[in-house]
Protein chains: 2
Amino acid sequence: MRTYKDIRQIVMERITSNEWPMGELIPNEQVLAEEFGVARATVNRAIQEIADAGFVERRRKAGTRVVPRRSRDAIVQIPVVREQIENMGENYRFALIARHIVPATKAAARELSISTGTKAMRIVCQHFAGNDPWQFEERWINLAAVPAAREQDFTSVGPNEWLVREVPYSNAEHTFRAAAASEQQSQHLGLGAGDPVFVIERKTWRRGKTITWVQLTHPGDRFSMITRDDIPYSDVASV
Amino acid sequence: MRTYKDIRQIVMERITSNEWPMGELIPNEQVLAEEFGVARATVNRAIQEIADAGFVERRRKAGTRVVPRRSRDAIVQIPVVREQIENMGENYRFALIARHIVPATKAAARELSISTGTKAMRIVCQHFAGNDPWQFEERWINLAAVPAAREQDFTSVGPNEWLVREVPYSNAEHTFRAAAASEQQSQHLGLGAGDPVFVIERKTWRRGKTITWVQLTHPGDRFSMITRDDIPYSDVASV
DNA sequence: TTTATTATTATGTCCATACATAATAACGCA
DNA sequence: TGCGTTATTATGTATGGACATAATAATAAA
């Protein structure tokens with residue numbers, strides 16, 4: 001008997017083979033249910049998942065049509081620095097460089113959505129893979145959102161690991177860019193001034209309050225981010 | 001009456017508020033169905049979607065438990081260069097620099113999964129935002145996978161746009177990195193040699209055959225990629 | 001002809017029920 | 001005590017029927 005996964009795969013095959021071309025309507029659920037010998041609810045489930053994945057668009061009364069031009073999107077796993085380093089088979093080490101509670105700079109205040117001069121926590125630290133510097137971290141923490149940070153000295157456990165435990169679910173915005181290493185960055189990363197670095201900038205928030213704003217800088221010659229984006233629900237063992 | 005979306009939101013709220021802590025079991029479907037006054041199928045649908053989103057893990061007989069440590073993942077929209085430039089309000093222009101059918105280099109052969117020396121298409125071109133160079137493109141096309149490329153001169157329509165139309169559904173692997181501009185890159189991007197560039201490398205394939213391998217280089221001072229990653233199914237108007 | 005009303009249609013969702021399946025727990029035997 | 005068998009349990013999936021809803025088409029009124 002055919003399951004909704006079978007239906008889902010068959011429908012995906014018809015889409016990706018252009019049997020049902022982009023922009024065109026596909027047969028309605030009733031018709032497909034009869035063709036496949038299943039209940040309409042089964043077809044509905046299959047096609048709804050395909051719609052969630054962005055391959056078709058459904059509208060009541062109008063029917064279901066194949067989405068004209070899909071934008072490519074990649075799912076990037078934002079690396080957790082310790083795991084990343086340990087997965088490379090290297091020894092992970094963390095070093096705190098600075099931890100101050102100081103009035104927020106203009107930029108920090110803007111990013112944290114607090115008024116300039118409000119006290120916030122500034123942290124600078126770095127992470128090593130073996131003996132090689134891997135990541136240089138410059139962070140602001142909004143103490144109004146995470147007051148418990150005052151009690152942390154961040155000497156043994158890094159601020160990111162602590163925050164992930166303290167505020168496990170938060171929204172985030174990431175920016176990836178290439179830049180020339182600043183004086184301080186190049187020094188801590190063991191690079192020449194102006195050498196290319198890969199910067200991940202992250203801002204996280206929850207219930208309207210910004211939690212932290214951080215810039216993670218990596219040596220350009222060693223660091224990269226890889227994503228693999230497969231067509232879902234295709235023939236090749238996708239469950 | 002409560003819909004499965006209501007249930008989904010309530011359950012997400014209990015997870016993100018740590019009412020149901022990480023690693024712990026949550027009540028089973030029967031119990032929740034009774035609590036919410038709905039059929040078990042309704043609870044099932046709600047929680048299955050949450051499981052697909054990666055917040056809980058379900059196992060028969062064992063039950064459903066909150067996933068211990070979620071890795072942060074970001075959904076990156078890979079920009080389509082023309083759209084990106086036009087969205088910035090700039091005029092898009094494309095210029096072909098080279099188009100040859102030549103024996104694949106060692107690296108190209110490896111990436112295209114063909115034997116070294118097999119003829120493939122090499123394309124070099126660039127894309128402008130107004131008068132400013134925005135992207136420098138170095139591409140190999142596997143002619144065994146896309147023979148129709150031989151008939152294309154790529155003077156008016158760029159290879160990427162053509163390929164997206166020719167092979168609309170393909171799997172992809174992306175690599176993002178920061179690098180120092182090569183001689184050729186810096187020249188075409190109007191940069192100094194060694195200036196930082198943001199490189200997107202992409203390989204696409206379909207039915208086991210590699211289609212194309214391309215390196216897209218952007219000036220580091222102008223280019224960045226931004227992602228926004230919200231906790232799904234949360235209180236704030238999701239869907 | 002324009003506008004308001006009504007009918008039609010495809011999808012959206014729910015329910016009760018049934019049975020399948022995978023994982024675990026309990027049991028019985030050696 | 002160790003091991004193989006059986007029972008139990010939570011989730012997985014299918015069904016037919018029902019009604020809701022949004023969008024469109026058809027119709028009637030102004």
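Here is the naming used below: chain letters follow the sequence lines, and residue numbers restart at 1 for every chain. Scope of the values below: all heavy atoms of this structure, side chains included, with no hydrogens, waters or symmetry mates.
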Self-check item: Separation of atom CD1 in Ile47(A) from atom C1' in dT13(C), rounded to whole Å
Solution: 16 Å
Practice problem: Applying salt bridge (Lys or Arg N to Asp or Glu O under 4.0 Å), name anything that partners Asp230(A), two or more places apart in sequence or on another chain. | Solution: Arg228(A)
Review item, side-chain donor-acceptor pairs of residues 209-218 of chain B, under 3.5 Å, at least two apart:
unit_1	atom_1	unit_2	atom_2	d
Thr212(B)	OG1	Arg139(B)	NH1	3.1
Thr212(B)	OG1	Trp140(B)	O	2.7
Trp213(B)	NE1	Glu201(B)	OE2	3.0
Thr217(B)	OG1	Gln185(B)	NE2	3.4
His218(B)	ND1	Phe198(B)	O	3.1
His218(B)	ND1	Leu216(B)	O	3.4
His218(B)	NE2	Gln135(B)	NE2	3.0

Quiz prompt | ring pair (Phe, Tyr, Trp, His ring centres under 6.0 Å) contacts touching residues 48-72 of chain A (sequence neighbours left out) | solution = none
Show which side-chain atoms of residues 39-47 of chain B pair as donor or acceptor with protein atoms under 3.5 Å away, not counting sequence neighbours.
unit_1	atom_1	unit_2	atom_2	d
Arg40(B)	NH1	Glu29(B)	OE1	2.6
Asn44(B)	OD1	Gln48(B)	NE2	2.9
Asn44(B)	ND2	Glu29(B)	OE2	2.8
Arg45(B)	NH2	Gln48(A)	OE1	2.8
Arg45(B)	NH2	Tyr4(B)	OH	3.2

Quiz item: With a 4.0 Å cut-off on heavy atoms, is Arg2(A) in touch with a base, just the backbone sugar-phosphate, or nothing at all?
Solution: sugar-phosphate
Self-check item: salt bridge (Lys or Arg N to Asp or Glu O under 4.0 Å) partners of Arg165(A), counting only residues at least two apart
Solution: none
Quiz item: Going by heavy atoms closer than 4.0 Å, what residues in residues 53-64 of chain B are next to DNA chain C?
Solution: Arg59(B), Arg60(B), Lys61(B)
Donor-acceptor contacts under 3.5 Å from residues 145-155 of chain A side chains, at least two apart:
unit_1	atom_1	unit_2	atom_2	d
Asp153(A)	OD1	Thr155(A)	N	3.2
Asp153(A)	OD1	Thr155(A)	OG1	3.1
Asp153(A)	OD2	Thr155(A)	OG1	3.3

Practice problem: Sequence neighbours left out, what passes ring-ring contact (aromatic ring centres under 6.0 Å, His included) with His174(B)? Give chain and number order. | Solution: none
Quiz item: What pairs with Tyr92(B) under ring-ring contact (aromatic ring centres under 6.0 Å, His included), at least two apart in sequence or on another chain?
Solution: His127(B)
Quiz prompt | Outermost DNA chain D nucleotides near chain B [under 4.0 Å, heavy atoms] | solution = dT8(D) to dT13(D)
Self-check item: Glu13(A) and Gln9(A): side chain donor to acceptor below 3.5 Å
Solution: no
Quiz item: Mind checking what makes salt bridge (Lys or Arg N to Asp or Glu O under 4.0 Å) contact with Glu90(B), not counting sequence neighbours?
Solution: none
Quiz prompt | Gln48(A) vs dG12(C): side-chain N/O to OP1/OP2 distance below 4.0 Å | solution = yes
Quiz item: Tell me, which of residues 17-45 of chain B have any heavy atom that sits under 4.0 Å from an atom in DNA chain D?
Solution: Asn28(B), Glu29(B), Arg40(B), Asn44(B)
